[in-house]
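Proteins come first, then strands; the chains are lettered A, B, ... in the order of their sequence lines, and each starts at number 1.
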Number of protein chains: 2
Amino acid sequence: MSTQPDTYTRILEAARDLIYASSYADVGVQAICEKAEVKKGSFYHFFPSKQELTLAVIDNYYEGLKDSILREAFSASLSPAERFQKLFELTIARQELIHQQTGHVLGCPFGNLATELATSDEAIRCKIEGLFGRLQELMRETLVEAVAREKIEDLDIDATAEGMFAYFEGVMLLAKTKNDPAVLRKLLPATAQLRIHNIN
Amino acid sequence: MSTQPDTYTRILEAARDLIYASSYADVGVQAICEKAEVKKGSFYHFFPSKQELTLAVIDNYYEGLKDSILREAFSASLSPAERFQKLFELTIARQELIHQQTGHVLGCPFGNLATELATSDEAIRCKIEGLFGRLQELMRETLVEAVAREKIEDLDIDATAEGMFAYFEGVMLLAKTKNDPAVLRKLLPATAQLRIHNIN
DNA sequence: CCTTGACTTGACCAATCGGTCAACTATACT
DNA sequence: AGTATAGTTGACCGATTGGTCAAGTCAAGG
């Protein structure tokens, strides 16, 4: 049996898991403390507010993503097409695992938070906007490399990268709404075929 | 000056506007009552719970959509391509108006609610899933008519309709997260170009 | 040994949450 | 006129919300 992580980490991970499984507003500080086995006083020793905790949760989630799915998918050893394919595979596998464990497709944690809080918490919206920019940039770089290998006439690379990202998020939202991971299998791979052309 | 609508309607519309502008959890029954100029006792005379009210709000929103954007876009007098174009135009115009009035892109009211509540309120998730199905069906019919006019080789019509809908939702989510209606101008029209092909 | 500072604890706060209820008013039908 | 019914009102409920705080524990450093 492994020793428990330190208090800060327990709070962070409890909050991350609870919020991802439901929503920001639905998860109280009390519930986070219970799951983390921490008293509320300790919570506020490490985090000045629930909002600050959430900002840290977003960072933590992105770091986790970078060290797993993103690292594996956007590996230099893969061709652009293989990178996209790997990204879809890993995303589908993860969502299927979560669905099997929780009974729900949870979708994209950033998209979830952004949808809920974009209009009422500007700090969180900005943080996720920046993060979306980085993910979009990953798509763009992959796309640039793909085009370098095989020229595509009149392709608007920036718009296509943004469109691919939007499509990806939309498919996650649809799978969550239908609570059906099969949606991902059917739709996600088409992300790589999406093209937006320059107006002439 | 127009006379006020009846109590039921005032509650429904107040709730619709408040929830759309922020989120389900963020809007309390009290706030709804204040905006509707109704006492809490009256609220519970018309609606047994906040959840039931929300189900009615979803219906109300869909009816409104059917009588405005959907009716105008999916008119029998328009060609399939024109229908898509009209849908994008009207959607962009509405989101731009909302952005101008509130300072925020609010996105899709159904997508917003689904994202927030899909995992914690099965009744609401089901209602939105059904509604998504109807919207997706509109896309499918339009697509079928387009293909009848101009055959597209190996097109998976069902998957493409579902993909178009997902893309549409994803673009709305992205515009909301970036709080920038220009995202819609750049990305929404590409919905009509999206294609998912049969595997051979 | 004693102090310092990080951490923990549990009691506590005002405010708000969704929801209830008995009493009251106004309208409509017999 | 009398009664039934729909709608309104404001006080009230227990539970929970995010957040505070004084008092305490504990290990490290002088």
Side-chain angles (χ1 to χ4, degrees), chain A residues 3-58 60 112-113 116-125 127, chain B residues 3-58 60 112-113 116-125 127:
Chain A
T3 93
Q4 272 203 127
D6 62 33
T7 306
Y8 179 92
T9 306
R10 288 208 314 278
I11 295 171
L12 199 67
E13 293 179 348
R16 155 163 60 70
D17 294 348
L18 287 174
I19 291 173
Y20 184 35
S22 53
S23 68
Y24 175 81
D26 203 46
V27 175
V29 174
Q30 190 172 304
I32 295 169
C33 290
E34 278 164 19
K35 170 144 189 173
E37 291 177 278
V38 156
K39 299 297 152 57
K40 206 186 277 194
S42 280
F43 177 100
Y44 283 98
H45 174 75
F46 289 100
F47 299 97
S49 69
K50 187 187 174 189
Q51 189 217 29
E52 285 290 331
L53 187 247
T54 305
L55 290 170
V57 160
I58 294 169
N60 175 276
N112 294 350
L113 279 172
E116 184 182 359
L117 300 171
T119 58
S120 60
D121 193 315
E122 183 67 4
I124 289 181
R125 189 196 65 75
K127 170 139 247 163
Chain B
T3 92
Q4 272 204 127
D6 62 34
T7 306
Y8 180 92
T9 306
R10 288 207 316 277
I11 295 172
L12 199 67
E13 293 179 348
R16 153 162 62 68
D17 295 348
L18 287 174
I19 291 173
Y20 184 35
S22 53
S23 68
Y24 175 82
D26 203 46
V27 175
V29 173
Q30 189 172 303
I32 294 169
C33 290
E34 278 164 18
K35 170 143 190 173
E37 292 177 277
V38 156
K39 298 298 151 57
K40 206 188 275 193
S42 280
F43 178 100
Y44 283 98
H45 174 75
F46 289 101
F47 299 97
S49 68
K50 188 186 175 190
Q51 189 217 31
E52 286 290 331
L53 186 248
T54 305
L55 291 170
V57 160
I58 294 169
N60 175 276
N112 294 348
L113 279 173
E116 183 183 359
L117 301 171
T119 58
S120 60
D121 194 314
E122 183 67 4
I124 290 181
R125 187 196 66 75
K127 170 139 246 162

Partners passing side chain to side chain donor-acceptor pair (under 3.5 Å) against [X] (at least two apart in sequence or in another chain):
X       : value
E34(A)  : none
E122(B) : R125(B)
Y44(B)  : none
K127(B) : D59(B)

Between the main-chain N or O of A25(B) and the side-chain N or O of E116(B), is there a donor-acceptor pair closer than 3.5 Å? yes
Has the side chain of S120(B) got a donor or acceptor atom that lies under 3.5 Å from a matching backbone atom of S22(A)? no
Could you tell me the separation between the [atom1] atom of [X] and the [atom2] atom of [N], rounded to a whole number of Å?
X      : N       : atom1 : atom2 : value
E52(A) : dG18(D) : CD    : C1'   : 14 Å
F47(A) : dT20(D) : CZ    : P     : 15 Å
D6(B)  : dT27(C) : CG    : P     : 15 Å

Would you say dT20(D) has OP1 or OP2 under 4.0 Å from some side-chain N or O of Y44(A)? no
Do any side-chain atoms of residues 45-57 of chain B form donor-acceptor pairs under 3.5 angstrom with protein atoms, and if so which ones, sequence neighbours left out?
from: S49(B); atom 1: OG; to: Q51(B); atom 2: N; distance (Å): 3.4
from: S49(B); atom 1: OG; to: E52(B); atom 2: N; distance (Å): 3.1
from: K50(B); atom 1: NZ; to: Y24(B); atom 2: O; distance (Å): 2.9
from: K50(B); atom 1: NZ; to: V27(B); atom 2: O; distance (Å): 3.0
from: Q51(B); atom 1: NE2; to: D121(B); atom 2: OD1; distance (Å): 2.8
from: Q51(B); atom 1: NE2; to: D121(B); atom 2: OD2; distance (Å): 3.0
from: T54(B); atom 1: OG1; to: K50(B); atom 2: O; distance (Å): 2.8

DNA chain D contacts made by residues 116-125 of chain B, counting heavy atoms under 4.0 Å: none
Can you list, in residue-number order, the parts of residues 19-34 of chain A that come under 4.0 Å of DNA chain D, counting heavy atoms only? V27(A), G28(A), V29(A), Q30(A)
How far apart are the closest heavy atoms of V38(B) and F43(B), and which atoms are they? CG1-N, 3.9 Å
Contacts satisfying side chain to side chain donor-acceptor pair (under 3.5 Å) that involve residues 7-18 of chain B (not counting sequence neighbours) are D6(B)-T9(B), R16(B)-N60(B)
Could you go through nucleotides 6-11 of chain D and list every protein N or O atom that sits under 3.5 Å from one of its N or O atoms, giving the distance for each pair?
from: dG7(D); atom 1: OP2; to: H45(B); atom 2: NE2; distance (Å): 3.3
from: dT8(D); atom 1: OP1; to: T7(B); atom 2: OG1; distance (Å): 2.7
from: dT8(D); atom 1: OP2; to: T7(B); atom 2: OG1; distance (Å): 3.4
from: dG10(D); atom 1: OP2; to: K39(B); atom 2: NZ; distance (Å): 2.6

When rounded to the nearest 0.5 Å, the distance separating CD1 of I58(A) from CG of L117(A) is 8.0 Å
